[in-house]
2 protein chains.
Amino acid sequence: MKIIGEKINGTLKLVRKAVEEKDEAFIQDLAKQQADAGAYWLDVNAGTLPEHEPDDLVWLVRTVQEVVDLPLCLDSANVEALKAAVKAVKKTPLINSISGESGRLEGVLPLVKDHDCEVIALAMDGNGIPADVESRLAVVKSLIAETRNAGISDDRIYIDPLVTALATGIQSGQVAFKTMEATRLEFPDVHFTMGLSNISFGLPERKVVNKTFLALAIAAGLDAPILDPLDRDLMEILLTSEMVLGNDNYCLNYIKAFREGKIGNKTDSK
Amino acid sequence: MKIIGEKINGTLKLVRKAVEEKDEAFIQDLAKQQADAGAYWLDVNAGTLPEHEPDDLVWLVRTVQEVVDLPLCLDSANVEALKAAVKAVKKTPLINSISGESGRLEGVLPLVKDHDCEVIALAMDGNGIPADVESRLAVVKSLIAETRNAGISDDRIYIDPLVTALATGIQSGQVAFKTMEATRLEFPDVHFTMGLSNISFGLPERKVVNKTFLALAIAAGLDAPILDPLDRDLMEILLTSEMVLGNDNYCLNYIKAFREGKIGNKTDSK
């Protein structure tokens, strides 16, 4: 399980303020905390206006790399920002993202190819997120045809099957899970990534829904979740799911997390 | 999802005391609480010495039926106790259980047949619990050959794939899940039942493991869990898993449970 730490995201008000004010300490604190909590990548999203975004994203990359050694997930819909940022990274980054939307693939794919990046591929196109599994799989197939054509091996692709709100469609979790299953049958080497929060939009007690969704998504094949590694409930269910699914030899990760106060007994820890 | 409420079990000290002292109020309170919390069946297990068990189990059946209308799950390894109890029930019971162990099938199957019961079938035989999926499936096949031969339709069978402790074998959850998958492929009409607590034996924070196991077992096909319906954490993850898996139209059960204070915000409720 390789976690993409989601906290350095300029769509969040405090992060955006820190980016605008070039508050290194704030960003570096988020970076260190997520690294300590078990993130594998750190997502960096400047979230600023297009004309500033290349400089801001490069600033984020440099600021984060001063304090942590993790690879970064370069998160932008702005090709110029990605182009600038990919030159500033110290480790091979994950690019977030390509999709079937017009222009997205053409702009980003050469970058992925030329810099040997890994890349997140969203199962959507110019018409939005397809409603059913077959249509999402069709988008995935056409994206992987393009990445293969560019010489990018399948194991560098992180498919995001995309999940919509249960409140507006009760099958939305199942569509995401079945899209993963269908994709894995065709492309056994690809990875799967997903954010958790869309599933619970419009429902009460969203954290309960998000953490349950995480467990079930891991069972369905999610291996690179985008989440807040400082969220104790999420990390607890992630570690426990991995153990129950047989991916924690001798229960060592679970027991280590328990000893570090990360499992159960919330009142006894911070 | 049809829950088997597990609390009226004579292996629990207080229940055994209540059975020995014929404390109707204690037993009836457990029955009503579990019914109110959403149990579909109530398990009744006297847990007393073989010579007393038939009378004690009949007493339990009558005592419970005075206050709730639910069908009962008659839980005993003692054929004489089952024979007596099956005559005392008002509704078609679930018999817990048959297995490939010597004598178990021969004694119990005629009861199931003659009284049109449903029955739990354990994936084990005289040699214990088989280590791998293939061997458990072989036991299941031989049990279902017997139930079919007795004219018992597959939809009256509740297969318990049996789960052992993760602490002594990290694949134990996966073996149970894959046994369900393999069984469903051969026998699409059978149901699946399982207790939750064995999985976490020997681990710290067992409740965390049990509830995560419940979510993942539901995803794997568990439709008749044996659990304590008064356990708020278990019921929360059960309801949420059902919703995430698409089995809660318009999220109505989840929202109803939230309004009743059963989801999230533990400090605000009892």
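Just so it is clear, the model here is predicted, and its values are computed rather than measured. Side chains are part of it too, since the values below use all heavy atoms of this structure and drop only hydrogens, waters and symmetry mates. Lettering follows sequence order; numbering is per chain, from 1.
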Q: Minimum heavy-atom separation for Glu205(A) and Tyr254(B), please, with both atom names.
A: O-OH, 3.2 Å
Q: Minimum heavy-atom separation for Ile170(A) and Tyr250(B), please, with both atom names.
A: CB-N, 4.5 Å
Q: If you check every heavy atom in residues 185-200 of chain A against those of chain B, which residues fall under 4.5 Å?
A: none
Q: Non-hydrogen atoms of chain A under 4.5 Å away: do they reach the side chain of Phe213(B), the backbone, both or neither?
A: both
Q: Taking side chain as C-beta onward, heavy atoms only, is Ile237(B) less than 4.5 Å from Ile237(A)?
A: yes
Q: Please report the interatomic distance CD(Gln174(A)) to CG(Asn247(B)), rounded to the nearest 0.5 Å.
A: 7.0 Å
Q: Would you indicate whether Lys178(B), at its atom NZ, is surrounded by more than 12 heavy atoms from other residues, nucleotides or ligands within a distance under 6.0 Å?
A: no
Q: If you tally heavy-atom pairs under 4.5 Å against chain A, which of Asp248(B), Leu239(B), Leu245(B) wins?
A: Leu245(B)
Q: Looking only at non-hydrogen atoms, find the nearest pair between Ile255(B) and Pro204(A) and report the distance.
A: CG1-CD, 4.4 Å
Q: Quick one: CG on Asn249(A) to CD on Gln171(B), what's the gap to the nearest 0.5 Å?
A: 8.0 Å
Q: Sort by residue number and list every member of residues 158-167 of chain B having a non-hydrogen atom under 4.5 Å from chain A.
A: Leu166(B), Ala167(B)
Q: In terms of heavy-atom pairs under 4.5 Å with chain A, which of Ser241(B), Ala220(B), Ala219(B) leads?
A: Ser241(B)
Q: Per the side chain to side chain contact (heavy atoms under 4.5 Å, CB included) rule, which among Val209(B), Leu203(B), Leu216(B) passes with Thr240(A)?
A: Val209(B)
Q: Which one wins on heavy-atom pair count under 4.5 Å against chain B: Ile218(A), Thr168(A), Thr212(A), Val175(A)?
A: Thr212(A)
